[in-house]
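Shown next, in C-alpha coordinates, is the structure this report addresses.
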Amino acid sequence: MLRSIVSISQTANKIVPSTETALPDLADLDRPALEQLFESVGLPRFRARQVFRWIYRMGETDVSRMTNLGAKVQAEISRRFRIGSPILEHQDRSADGTRKFLLRLADGRRIEAVYIPDTPKQTFCISSQVGCAMDCDFCLTGKMGFTCHLTPAEIVGQVRVLAHETGLHDAAFNIVLMGMGEPLHNYDAVMTSLRILADEEGLAVPPRRVTLSTVGVVPAMEKLAREALMPNLAVSLHATTDEQRDRLVPINRKYPLEALIDTCRKFPVKRRNRITFEYVLLAGVNDTPADARRLVRLLGDVKAKVNLLPLNAAPGIPYERPDEATVDRFAQTLAKHGLRVSVRKSRGRDIRAACGQLIVEGKKTAAGPRLAALMAANHE
Ligand code: SAH
(Lines give C-alpha, C1' and ligand atoms only; values in the text may rest on other atoms or scores of the structure.)
Protein backbone atom coordinates (compact mmCIF):
# COMPACT_ATOMS: atom_id res chain seq x y z
CA MET A 1 0.00 0.00 0.00
CA LEU A 2 0.93 3.59 -0.08
CA ARG A 3 4.05 4.29 1.89
CA SER A 4 4.97 7.52 3.54
CA ILE A 5 8.49 7.52 2.30
CA VAL A 6 9.62 9.19 -0.81
CA SER A 7 11.44 6.23 -2.26
CA ILE A 8 14.71 4.51 -1.91
CA SER A 9 17.44 4.12 -4.40
CA GLN A 10 19.91 1.35 -3.92
CA THR A 11 23.43 1.77 -5.16
CA ALA A 12 25.49 -1.33 -4.53
CA ASN A 13 25.01 -1.88 -0.80
CA LYS A 14 24.27 1.69 0.01
CA ILE A 15 20.73 2.86 0.56
CA VAL A 16 20.35 6.49 -0.39
CA PRO A 17 17.18 8.40 0.39
CA SER A 18 15.99 9.49 -2.98
CA THR A 19 14.91 12.97 -1.96
CA GLU A 20 17.83 14.07 -4.09
CA THR A 21 16.24 15.90 -6.92
CA ALA A 22 18.83 15.13 -9.58
CA LEU A 23 17.17 11.88 -10.62
CA PRO A 24 14.14 12.11 -12.92
CA ASP A 25 10.90 11.55 -11.04
CA LEU A 26 8.86 8.77 -12.61
CA ALA A 27 5.71 10.14 -10.98
CA ASP A 28 6.00 13.27 -13.13
CA LEU A 29 5.22 11.32 -16.28
CA ASP A 30 2.05 10.09 -17.89
CA ARG A 31 2.18 6.49 -19.06
CA PRO A 32 3.24 7.10 -22.69
CA ALA A 33 6.09 9.33 -21.49
CA LEU A 34 7.09 6.74 -18.91
CA GLU A 35 7.18 4.05 -21.58
CA GLN A 36 9.29 6.24 -23.79
CA LEU A 37 11.71 6.99 -20.98
CA PHE A 38 12.11 3.30 -20.17
CA GLU A 39 12.73 2.50 -23.80
CA SER A 40 15.34 5.23 -24.05
CA VAL A 41 17.40 3.57 -21.32
CA GLY A 42 16.93 0.07 -22.67
CA LEU A 43 14.14 -1.07 -20.37
CA PRO A 44 11.16 -2.76 -22.03
CA ARG A 45 7.95 -0.76 -22.31
CA PHE A 46 5.94 -3.31 -20.37
CA ARG A 47 8.12 -2.57 -17.35
CA ALA A 48 6.94 1.02 -17.48
CA ARG A 49 3.39 -0.18 -17.46
CA GLN A 50 4.10 -2.41 -14.47
CA VAL A 51 5.63 0.50 -12.57
CA PHE A 52 2.72 2.76 -13.48
CA ARG A 53 0.27 0.19 -12.16
CA TRP A 54 2.21 -0.18 -8.93
CA ILE A 55 2.23 3.54 -8.29
CA TYR A 56 -1.35 4.38 -9.17
CA ARG A 57 -3.31 1.17 -8.86
CA MET A 58 -1.54 -0.34 -5.89
CA GLY A 59 -0.38 2.91 -4.29
CA GLU A 60 3.18 1.63 -4.00
CA THR A 61 6.06 4.05 -4.61
CA ASP A 62 8.87 1.92 -3.18
CA VAL A 63 10.54 0.16 -6.10
CA SER A 64 11.96 -2.54 -3.84
CA ARG A 65 8.38 -3.63 -3.12
CA MET A 66 7.36 -3.88 -6.77
CA THR A 67 7.70 -7.61 -6.60
CA ASN A 68 7.02 -8.53 -10.21
CA LEU A 69 9.92 -6.43 -11.55
CA GLY A 70 12.72 -8.69 -10.41
CA ALA A 71 15.82 -7.57 -8.52
CA LYS A 72 17.79 -6.53 -11.58
CA VAL A 73 15.13 -4.24 -12.99
CA GLN A 74 14.42 -2.85 -9.53
CA ALA A 75 18.08 -1.97 -9.12
CA GLU A 76 18.27 -0.41 -12.55
CA ILE A 77 15.20 1.74 -11.94
CA SER A 78 16.43 2.82 -8.50
CA ARG A 79 19.81 3.75 -9.89
CA ARG A 80 18.40 5.97 -12.60
CA PHE A 81 15.14 7.33 -11.24
CA ARG A 82 13.14 8.26 -8.21
CA ILE A 83 9.43 8.17 -7.45
CA GLY A 84 8.28 11.24 -5.57
CA SER A 85 5.39 11.20 -3.15
CA PRO A 86 4.16 13.81 -0.66
CA ILE A 87 4.53 12.73 2.94
CA LEU A 88 1.57 13.06 5.26
CA GLU A 89 2.72 15.22 8.12
CA HIS A 90 -0.45 16.13 9.92
CA GLN A 91 -4.20 15.97 9.57
CA ASP A 92 -7.12 17.83 11.14
CA ARG A 93 -10.66 16.55 11.34
CA SER A 94 -13.60 18.91 11.29
CA ALA A 95 -16.76 18.23 13.28
CA ASP A 96 -18.53 17.96 9.90
CA GLY A 97 -16.28 15.14 8.70
CA THR A 98 -14.04 17.28 6.52
CA ARG A 99 -10.37 16.37 6.86
CA LYS A 100 -7.47 18.65 6.09
CA PHE A 101 -4.13 17.10 5.25
CA LEU A 102 -0.80 18.84 5.63
CA LEU A 103 1.65 17.24 3.23
CA ARG A 104 5.39 17.69 3.04
CA LEU A 105 7.13 17.65 -0.32
CA ALA A 106 10.58 16.26 -1.04
CA ASP A 107 12.27 19.63 -0.60
CA GLY A 108 10.51 20.37 2.68
CA ARG A 109 7.84 22.73 1.34
CA ARG A 110 4.32 22.10 2.60
CA ILE A 111 0.92 22.01 0.93
CA GLU A 112 -2.63 21.33 2.04
CA ALA A 113 -5.31 19.15 0.54
CA VAL A 114 -8.83 18.60 1.84
CA TYR A 115 -11.24 15.66 1.87
CA ILE A 116 -14.87 16.70 1.87
CA PRO A 117 -17.24 13.80 2.46
CA ASP A 118 -20.84 13.34 1.44
CA THR A 119 -21.65 16.31 -0.73
CA PRO A 120 -23.23 13.75 -1.56
CA LYS A 121 -20.10 12.66 -3.40
CA GLN A 122 -16.71 12.14 -1.86
CA THR A 123 -14.47 14.98 -2.93
CA PHE A 124 -10.75 15.69 -2.77
CA CYS A 125 -9.79 19.34 -2.99
CA ILE A 126 -6.19 19.56 -4.12
CA SER A 127 -3.58 22.24 -4.66
CA SER A 128 -1.74 23.10 -7.85
CA GLN A 129 0.82 25.54 -6.44
CA VAL A 130 2.44 26.50 -3.18
CA GLY A 131 0.80 29.86 -2.57
CA CYS A 132 -0.76 31.78 -5.43
CA ALA A 133 0.27 34.69 -7.63
CA MET A 134 -3.26 35.93 -8.38
CA ASP A 135 -3.63 38.02 -5.22
CA CYS A 136 -7.43 38.08 -5.01
CA ASP A 137 -8.35 40.59 -2.36
CA PHE A 138 -10.45 38.24 -0.18
CA CYS A 139 -8.32 35.07 -0.36
CA LEU A 140 -5.85 34.08 2.33
CA THR A 141 -3.85 31.92 -0.05
CA GLY A 142 -3.47 35.00 -2.25
CA LYS A 143 -2.15 36.92 0.73
CA MET A 144 0.70 34.47 1.18
CA GLY A 145 1.96 35.15 -2.33
CA PHE A 146 3.42 32.72 -4.83
CA THR A 147 6.13 30.26 -3.83
CA CYS A 148 6.28 27.70 -6.63
CA HIS A 149 4.45 25.44 -9.04
CA LEU A 150 3.72 21.86 -8.03
CA THR A 151 4.93 19.02 -10.21
CA PRO A 152 2.60 16.31 -11.53
CA ALA A 153 4.10 13.97 -8.90
CA GLU A 154 3.03 16.44 -6.23
CA ILE A 155 -0.41 17.12 -7.69
CA VAL A 156 -1.35 13.49 -8.32
CA GLY A 157 0.50 12.53 -5.13
CA GLN A 158 -2.08 14.45 -3.11
CA VAL A 159 -4.81 12.28 -4.62
CA ARG A 160 -2.88 9.08 -3.90
CA VAL A 161 -2.26 10.02 -0.29
CA LEU A 162 -5.85 11.16 0.32
CA ALA A 163 -7.31 8.10 -1.41
CA HIS A 164 -5.23 5.90 0.82
CA GLU A 165 -5.93 7.80 4.03
CA THR A 166 -9.67 7.91 3.44
CA GLY A 167 -9.91 4.30 2.28
CA LEU A 168 -11.35 5.46 -1.05
CA HIS A 169 -8.56 4.12 -3.23
CA ASP A 170 -10.93 1.78 -5.04
CA ALA A 171 -14.03 3.92 -4.74
CA ALA A 172 -15.38 6.66 -6.99
CA PHE A 173 -14.41 10.12 -5.87
CA ASN A 174 -14.42 13.61 -7.32
CA ILE A 175 -11.46 15.91 -7.54
CA VAL A 176 -11.65 19.68 -7.45
CA LEU A 177 -8.60 21.75 -8.29
CA MET A 178 -9.66 24.39 -5.81
CA GLY A 179 -6.99 24.22 -3.17
CA MET A 180 -3.99 26.47 -3.16
CA GLY A 181 -2.93 27.98 -6.43
CA GLU A 182 -4.23 28.87 -9.86
CA PRO A 183 -4.26 25.65 -11.91
CA LEU A 184 -4.07 27.40 -15.27
CA HIS A 185 -0.95 29.25 -14.12
CA ASN A 186 0.67 25.81 -13.88
CA TYR A 187 -0.84 24.55 -17.10
CA ASP A 188 1.46 21.76 -18.27
CA ALA A 189 1.82 20.08 -14.88
CA VAL A 190 -1.94 20.20 -14.36
CA MET A 191 -2.65 18.68 -17.78
CA THR A 192 -0.11 15.92 -17.25
CA SER A 193 -1.74 15.26 -13.87
CA LEU A 194 -5.18 14.96 -15.48
CA ARG A 195 -3.81 12.41 -17.96
CA ILE A 196 -2.17 10.40 -15.17
CA LEU A 197 -5.36 10.49 -13.10
CA ALA A 198 -7.54 9.42 -16.02
CA ASP A 199 -5.36 6.48 -17.09
CA GLU A 200 -7.26 3.21 -16.90
CA GLU A 201 -4.10 1.43 -15.78
CA GLY A 202 -3.99 3.65 -12.72
CA LEU A 203 -6.50 5.59 -10.64
CA ALA A 204 -8.89 5.82 -13.60
CA VAL A 205 -10.52 9.08 -12.55
CA PRO A 206 -12.39 10.24 -15.65
CA PRO A 207 -12.26 13.98 -16.49
CA ARG A 208 -15.97 14.34 -15.76
CA ARG A 209 -15.10 13.69 -12.12
CA VAL A 210 -12.55 16.49 -12.10
CA THR A 211 -13.37 20.20 -11.80
CA LEU A 212 -10.76 22.78 -12.58
CA SER A 213 -11.39 26.18 -11.05
CA THR A 214 -9.72 29.19 -12.64
CA VAL A 215 -9.60 32.85 -11.82
CA GLY A 216 -9.92 33.48 -15.57
CA VAL A 217 -6.57 33.21 -17.30
CA VAL A 218 -8.06 33.71 -20.74
CA PRO A 219 -5.26 32.44 -23.03
CA ALA A 220 -4.91 29.30 -20.92
CA MET A 221 -8.68 28.78 -21.05
CA GLU A 222 -8.50 29.00 -24.83
CA LYS A 223 -5.79 26.38 -24.81
CA LEU A 224 -7.80 24.19 -22.45
CA ALA A 225 -10.72 24.43 -24.85
CA ARG A 226 -8.65 22.49 -27.40
CA GLU A 227 -7.57 19.67 -25.07
CA ALA A 228 -8.72 16.13 -25.69
CA LEU A 229 -9.09 15.50 -22.01
CA MET A 230 -11.49 18.05 -20.63
CA PRO A 231 -12.31 18.56 -16.96
CA ASN A 232 -15.39 20.43 -15.79
CA LEU A 233 -14.74 24.13 -15.70
CA ALA A 234 -15.39 26.52 -12.84
CA VAL A 235 -14.66 30.21 -13.21
CA SER A 236 -14.14 32.52 -10.25
CA LEU A 237 -16.16 35.51 -11.37
CA HIS A 238 -16.96 37.39 -8.14
CA ALA A 239 -17.97 40.67 -9.77
CA THR A 240 -20.14 42.02 -12.56
CA THR A 241 -18.32 45.16 -13.63
CA ASP A 242 -14.70 45.63 -14.62
CA GLU A 243 -14.33 48.38 -12.08
CA GLN A 244 -15.35 46.04 -9.29
CA ARG A 245 -13.53 42.99 -10.60
CA ASP A 246 -10.29 44.91 -11.17
CA ARG A 247 -10.23 45.49 -7.43
CA LEU A 248 -11.25 42.02 -6.24
CA VAL A 249 -9.52 39.87 -8.84
CA PRO A 250 -6.47 41.75 -10.14
CA ILE A 251 -5.98 39.54 -13.20
CA ASN A 252 -9.15 41.20 -14.53
CA ARG A 253 -6.98 44.19 -15.44
CA LYS A 254 -5.27 41.96 -17.96
CA TYR A 255 -8.25 39.84 -19.05
CA PRO A 256 -11.37 41.92 -18.50
CA LEU A 257 -14.91 40.62 -18.21
CA GLU A 258 -15.82 40.86 -21.87
CA ALA A 259 -12.86 38.69 -22.93
CA LEU A 260 -13.52 36.24 -20.10
CA ILE A 261 -17.23 35.84 -20.80
CA ASP A 262 -16.57 35.59 -24.54
CA THR A 263 -14.11 32.75 -23.90
CA CYS A 264 -16.69 31.02 -21.71
CA ARG A 265 -19.35 31.43 -24.36
CA LYS A 266 -17.10 29.65 -26.87
CA PHE A 267 -15.87 27.01 -24.45
CA PRO A 268 -16.80 23.49 -25.60
CA VAL A 269 -19.13 22.58 -22.76
CA LYS A 270 -20.44 19.04 -23.00
CA ARG A 271 -24.11 18.36 -23.51
CA ARG A 272 -26.07 18.60 -20.29
CA ASN A 273 -23.15 20.29 -18.64
CA ARG A 274 -22.51 23.89 -17.67
CA ILE A 275 -19.67 26.14 -16.60
CA THR A 276 -19.84 26.86 -12.90
CA PHE A 277 -19.39 30.53 -12.06
CA GLU A 278 -18.16 30.99 -8.53
CA TYR A 279 -19.26 34.22 -6.92
CA VAL A 280 -17.96 35.10 -3.49
CA LEU A 281 -20.49 37.25 -1.64
CA LEU A 282 -18.94 40.18 0.22
CA ALA A 283 -21.24 42.16 2.47
CA GLY A 284 -22.11 45.54 1.01
CA VAL A 285 -19.67 45.12 -1.86
CA ASN A 286 -21.11 42.81 -4.51
CA ASP A 287 -24.24 41.40 -2.88
CA THR A 288 -26.95 43.88 -3.86
CA PRO A 289 -30.02 43.16 -6.03
CA ALA A 290 -28.41 45.31 -8.73
CA ASP A 291 -25.35 43.03 -8.66
CA ALA A 292 -27.60 40.00 -8.99
CA ARG A 293 -29.42 41.49 -11.96
CA ARG A 294 -26.14 42.40 -13.65
CA LEU A 295 -24.96 38.85 -13.10
CA VAL A 296 -28.06 37.53 -14.83
CA ARG A 297 -27.41 39.78 -17.81
CA LEU A 298 -23.70 38.97 -17.93
CA LEU A 299 -24.33 35.22 -18.09
CA GLY A 300 -27.42 35.49 -20.25
CA ASP A 301 -26.14 33.53 -23.21
CA VAL A 302 -23.58 31.31 -21.45
CA LYS A 303 -24.22 27.72 -20.44
CA ALA A 304 -23.84 28.69 -16.82
CA LYS A 305 -24.67 27.77 -13.30
CA VAL A 306 -23.75 29.97 -10.39
CA ASN A 307 -22.23 28.79 -7.14
CA LEU A 308 -22.49 31.45 -4.47
CA LEU A 309 -19.75 31.46 -1.86
CA PRO A 310 -20.63 33.56 1.18
CA LEU A 311 -17.24 34.87 2.27
CA ASN A 312 -15.24 32.86 4.75
CA ALA A 313 -14.07 35.80 6.77
CA ALA A 314 -10.60 35.83 8.31
CA PRO A 315 -8.28 38.27 10.00
CA GLY A 316 -6.42 40.19 7.32
CA ILE A 317 -9.30 39.92 4.87
CA PRO A 318 -10.90 43.37 4.52
CA TYR A 319 -14.45 42.10 3.91
CA GLU A 320 -17.38 40.61 5.77
CA ARG A 321 -19.75 37.77 5.12
CA PRO A 322 -23.29 38.87 4.26
CA ASP A 323 -26.14 37.67 6.46
CA GLU A 324 -28.26 34.73 5.36
CA ALA A 325 -31.18 36.85 4.26
CA THR A 326 -28.95 38.73 1.85
CA VAL A 327 -27.49 35.51 0.49
CA ASP A 328 -31.00 34.12 0.02
CA ARG A 329 -32.25 37.25 -1.67
CA PHE A 330 -29.30 37.22 -4.06
CA ALA A 331 -29.88 33.55 -4.91
CA GLN A 332 -33.61 34.11 -5.38
CA THR A 333 -33.01 36.96 -7.80
CA LEU A 334 -30.77 34.75 -9.93
CA ALA A 335 -33.23 31.87 -9.80
CA LYS A 336 -36.19 34.08 -10.63
CA HIS A 337 -34.44 35.05 -13.83
CA GLY A 338 -33.79 31.46 -14.77
CA LEU A 339 -30.16 31.16 -13.66
CA ARG A 340 -29.26 27.94 -11.99
CA VAL A 341 -27.87 28.66 -8.57
CA SER A 342 -26.47 26.87 -5.55
CA VAL A 343 -24.96 28.16 -2.34
CA ARG A 344 -21.73 26.61 -1.24
CA LYS A 345 -22.05 25.37 2.24
CA SER A 346 -18.84 26.10 4.01
CA ARG A 347 -17.16 22.93 5.18
CA GLY A 348 -14.32 22.47 7.59
CA ARG A 349 -14.26 26.06 8.75
CA ASP A 350 -13.36 24.97 12.27
CA ILE A 351 -10.09 23.57 10.94
CA ARG A 352 -9.50 26.38 8.43
CA ALA A 353 -10.15 24.04 5.55
CA ALA A 354 -12.84 26.17 3.91
CA CYS A 355 -12.58 28.17 0.67
CA GLY A 356 -9.83 30.71 0.64
CA GLN A 357 -8.56 29.52 4.00
CA LEU A 358 -5.71 27.30 2.96
CA ILE A 359 -2.63 29.16 3.99
CA VAL A 360 -0.88 26.48 3.39
CA GLU A 361 -5.76 26.25 2.23
CA GLY A 362 -9.06 24.35 0.87
CA LYS A 363 -12.69 24.50 0.09
CA LYS A 364 -16.08 22.94 -0.58
CA THR A 365 -19.44 22.71 -2.29
CA ALA A 366 -23.00 21.84 -1.52
CA ALA A 367 -26.39 23.37 -1.48
CA GLY A 368 -27.75 24.78 1.73
CA PRO A 369 -30.93 22.97 2.75
CA ARG A 370 -32.96 26.15 2.77
CA LEU A 371 -32.27 26.48 -0.89
CA ALA A 372 -32.99 22.88 -1.73
CA ALA A 373 -36.46 23.57 -3.07
CA LEU A 374 -35.27 26.56 -5.00
CA MET A 375 -32.49 24.56 -6.55
CA ALA A 376 -34.66 21.60 -7.32
CA ALA A 377 -36.88 23.99 -9.24
CA ASN A 378 -33.90 25.18 -11.20
CA HIS A 379 -32.10 21.94 -11.84
CA GLU A 380 -32.73 19.61 -14.69
N1 SAH B 1 -7.27 29.93 -8.27
C2 SAH B 1 -8.47 29.18 -8.56
C3 SAH B 1 -8.65 28.09 -7.56
C4 SAH B 1 -9.06 28.55 -6.20
S5 SAH B 1 -10.57 27.80 -5.89
C6 SAH B 1 -9.65 30.10 -8.67
O7 SAH B 1 -9.49 31.28 -8.36
O8 SAH B 1 -10.70 29.67 -9.11
C9 SAH B 1 -11.09 28.49 -4.48
C10 SAH B 1 -12.38 29.28 -4.64
O11 SAH B 1 -12.63 29.84 -3.38
C12 SAH B 1 -12.26 30.42 -5.64
O13 SAH B 1 -13.48 30.67 -6.29
C14 SAH B 1 -11.89 31.54 -4.72
O15 SAH B 1 -12.13 32.79 -5.28
C16 SAH B 1 -12.75 31.24 -3.52
N17 SAH B 1 -12.30 31.90 -2.30
C18 SAH B 1 -11.10 32.40 -2.02
N19 SAH B 1 -11.09 32.97 -0.80
C20 SAH B 1 -12.32 32.82 -0.30
C21 SAH B 1 -12.94 33.18 0.93
N22 SAH B 1 -12.27 33.82 1.89
N23 SAH B 1 -14.24 32.86 1.12
C24 SAH B 1 -14.93 32.20 0.16
N25 SAH B 1 -14.40 31.83 -1.01
C26 SAH B 1 -13.12 32.14 -1.25
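Just so you know, ligand 1 is whichever comes first in the structure, and atom 1 is the first atom listed for that ligand. Count residues from 1 along the sequence. This structure is a prediction, so every number in the text was calculated from the model and none was measured.
- Proximity of Glu278 to ligand 1, defined as any heavy-atom pair under 4.0 Å, is confined to the side chain (atoms from C-beta onward).
- Heavy-atom contacts of Leu311 reach the following atoms of ligand 1: 21 (C), 22 (N), 23 (N) (cutoff under 4.0 Å).
- Atoms of ligand 1 found under 4.0 Å from any heavy atom of Thr214 (numbered from 1 in listed order, with element): 6 (C), 8 (O).
- At a 4.0 Å cut-off, at least one heavy atom of His238 sits close enough to ligand 1 to count as contact.
- Taking every heavy atom of Leu309 and a limit of under 4.0 angstrom, the matching atoms of ligand 1 come to 11 (O), 16 (C), 25 (N).
- Between Arg294 and the options Asn286, Thr241, Thr240, a side-chain hydrogen bond (donor to acceptor under 3.5 Å, both in side chains) holds for only Thr240.
- Between the side chain of Gln74 and the backbone N or O of Val63 there is at least one donor-acceptor pair closer than 3.5 Å.
- Note: Thr123 OG1 to Arg347 CZ = 8.5 Å, rounded to the nearest 0.5 Å.
- Between the side chain of Thr192 and the main chain of Asp188, a donor-acceptor pair closer than 3.5 Å is present.
- Not a single heavy atom of Ile317 lies less than 4.0 angstrom from ligand 1.
- Annotation: cation-pi geometry not satisfied between Lys121 and Phe173 (NZ/CZ under 6.0 angstrom from ring centroid, within 45° of ring axis).
- When each atom of ligand 1 is checked for a heavy atom of Val215 under 4.0 Å away, the hits are 6 (C), 7 (O), 8 (O).
- Between the Glu182 side chain and the Ala133 main chain, no donor and acceptor come within less than 3.5 Å of each other.
- Set against the non-hydrogen atoms of Cys139, the atoms of ligand 1 under 4.0 Å away are 18 (C), 19 (N).
- Those atoms of ligand 1 that come under 4.0 Å of a heavy atom in Phe138, given as number and element, are 15 (O), 17 (N), 18 (C), 19 (N), 20 (C), 21 (C), 22 (N).
- For Cys132, no nitrogen or oxygen atom sits less than 3.5 Å from a nitrogen or oxygen atom of ligand 1, counting backbone and side chain alike.
- Remark: side-chain polar atoms of Asp92 are not paired, donor with acceptor, to backbone N or O of Arg99 under 3.5 angstrom.
- Atoms of ligand 1 lying under 4.0 Å from at least one heavy atom of Ser236, given by number and element, are 6 (C), 7 (O), 8 (O), 12 (C), 13 (O), 15 (O).
- In this structure, Leu184 is not a member of the same hydrophobic cluster as Phe146, with clusters built from ILVMFWY side-chain heavy atoms closer than 4.5 Å.
- Assignment of Gly181 to the shell around ligand 1 is supported, since a heavy atom sits closer than 4.0 Å.
- Ligand 1 places these atoms under 4.0 Å from at least one heavy atom of Val280: 24 (C), 25 (N).
- By the 6.0 Å contact criterion, CZ on Arg45 is enclosed, its count of non-hydrogen atoms from other residues, nucleotides or ligands being greater than 12.
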